[in-house]
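Okay, so here's the structure we're looking at.
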Amino acid sequence: MKLIIKDSYEECCKAGAQLFIELINRKKDALIGLATGDTPKGLYKELINANSKWEVDFSNVRSVNLDEYKGLAGDHNQSYRYFMKENLFKGLNIKPENITIADGLAETSAEEKRMREFFAKNNVDMQLLGIGRNGHVGFNEPAEKLQSSFHYTDLTQDTIEANSRMFDNVEDVPKGAYTMGMGDIMRARQIVLLAFGASKVDAMTKLLKDDYVDPMCPATVLKMHPDVTVIIDRELAGLLGL
Ligand code: F6R
């Protein structure tokens, strides 16, 4: 695992964006795996900025998102499809037909099948990840067994509470979601994980400092991947004693 420590959130986002820009400049039709949440917002701004200056061209790039809330329509302002449109896609020259995101309103087994077929045919070139404070990646929540393929999952109370900051009431947070499985994530050729803030210290300790792979902290599975870049700011590095 390669660790990059930068002085600020902005510097981390620039370093992460640069990895995606270099990939797309050498592989015009790269399939990039994308995340939502607070973590990637700055990286997405960097990509929009680079695209607007023609330092990178998204016209042949394909994207797939890690996850989507079950039960929300794509145009709901808390759906991940909406987040992606507002925070990234509307600023890029990416083609709508090259964007893949699970449909929160689709019937569960049909949507799992559709997305599993997608991952059977396509390998992600570079996967962007944040990390949950409980160590989840995508919505692979801590559990005795982790699921390999794309699937529906119930969300843990911890994740519902963490995500309630985006909703008016905690009761409005969907109780379930679709997510890429750990196997789909591990098949990505390269993985870039960004993390910031004190709430991530426990999970990041398990990822960076312990030597265990623990399904109760799903991110630790990434230790078995040959090409992972972790980017954190100096503040988090300090809290981790790095
Ligand atoms: C989002 C996702 C989640 C987040 C994680 C961290 O698509 O898959 O695993 O990356 O919950 O969220 P933030 O970045 O808001 O701290």
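This is a predicted model, so every value here is computed, not measured. Order of listing sets the numbers, starting from 1, for every ligand and every atom in it.
Side-chain polar atoms of Q147 and S149 form no donor-acceptor pair below 3.5 angstrom. Side-chain N/O atoms of E141 and H136 include a donor and acceptor closer than 3.5 Å.
Salt bridge D214/K206: absent, no basic N to carboxylate O contact under 4.0 Å. R114 and D103 are not joined by a salt bridge, as no carboxylate oxygen comes within less than 4.0 angstrom of a charged side-chain nitrogen. Note on E117 versus K113: salt bridge recorded, some NZ/NE/NH1/NH2 to OD/OE distance being below 4.0 Å.
Ordered by chain and residue number, the residues placing a heavy atom less than 4.0 Å from ligand 1 are A35, T36, G37, D38, T39, L66, D67, G130, I131, G132, H136, G138, R165, K200.
Residues meeting the salt bridge (Lys or Arg N to Asp or Glu O under 4.0 Å) test with E235, sequence neighbours left out: none.
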